[in-house]
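This report concerns only the one structure given below.
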Amino acid sequence: MPKRQSAAGASSSDRPPSLRESQKAYTRERVIESALKVFAERGFAAATMDDISKTANLNRGTVYLHFTDKAAILRAALSRLQADELELYLAGADAATRDDVQAMFRRATDMWRDHLGPVWRHAHDAASVAPEISEWLDRVFEGQVAKIAKLLTDHGVSAGRARSRAFMLTCMWDAYIYRLGVDPTLANTAAVTALADFFETARTP
């Protein structure tokens, strides 16, 4: 049966999410946020699905309805942040001035410090006790490198995989400095300068 078309020609698949779908998405996010809180407090290895369900104030059945285990929650947490990361790189590719580039990387390092960096740290902790997570992280990193390489190339940047890998590692650098207890303002300033230098060098013919 063909999809029902609206008056504007859009299919029913373009309709806004139903209340049930919105509630499902809200519960999923609630589980992810609760899991990250538990991982930060107890570490990935010690955390349990019971801990996560209690923190989320949900029963275990509801949590398992959305995720098979804590590793699946961690993968979802990292995947949802990577799209935001690529959007920031896109803004940098379109930046016309050095100030524009630095403003983008200022936002990027803030995101790394407060959001993506902590999730990566949980993932690395998980990799030490779960080989499947370690293998998954390798695939995620290389996949992100490939996306960045294509993104930079599409915007006139002469960037092969080696430069894209350096780009990723430089972004991660800020998060690790912050983890070591260096003043986050100084870490952010150093990372912004390093990232902007790298980007401008990469897109120089």
(message) Please check: side-chain N/O of Ser34 versus main-chain N/O of Arg30, any donor-acceptor pairing under 3.5 Å?
(response) yes
(request) Of all the heavy-atom pairs spanning Val129 and Pro131, show the shortest one and how long it is. (result) O-CD, 3.9 Å
(message) If I compare all heavy atoms of Ile73 with all of Met49, which pair ends up nearest, and what's the gap?
(response) CD1-SD, 4.0 Å
(message) Does any part of the side chain of Thr48, heavy atoms only, come nearer than 4.5 Å to the side chain of Val38, both counted from C-beta?
(response) no
(message) Would you call the rings of Phe39 and Phe44 parallel, tilted or perpendicular, taking 30° and 60° as the class edges?
(response) tilted
(request) Considering non-hydrogen atoms only, spot the tightest contact between Ala76 and Ile32 and give its length. (result) CB-CD1, 4.0 Å
(message) Keeping Asp138 on the side-chain end and Glu135 on the backbone end, is there a donor-acceptor pair under 3.5 Å?
(response) no
(message) In the structure I gave you, are the side-chain heavy atoms of Phe67 and Ile52 within less than 4.5 Å of one another anywhere?
(response) no
(request) Quick one: closest heavy-atom pair of Ile133 and Ala126, and the distance? (result) CG2-CB, 3.8 Å
(request) Compare all side-chain heavy atoms of Tyr64 with those of Val31 and state whether any distance is below 4.5 angstrom. (result) no
(request) Keeping the roles fixed (side chain from Lys70, backbone from Ala47), state whether a donor-acceptor pair exists under 3.5 Å. (result) yes
(message) Side chains of Lys24 and Arg28, heavy atoms from C-beta outward: is any pair under 4.5 Å?
(response) no
(request) Could you grab the distance from atom CD of Glu21 to atom OG of Ser18, nearest 0.5 Å is fine? (result) 3.5 Å
(request) Kindly indicate whether the side chain of Leu65, heavy atoms from C-beta on, has any atom under 4.5 Å from the side chain of Thr27. (result) no
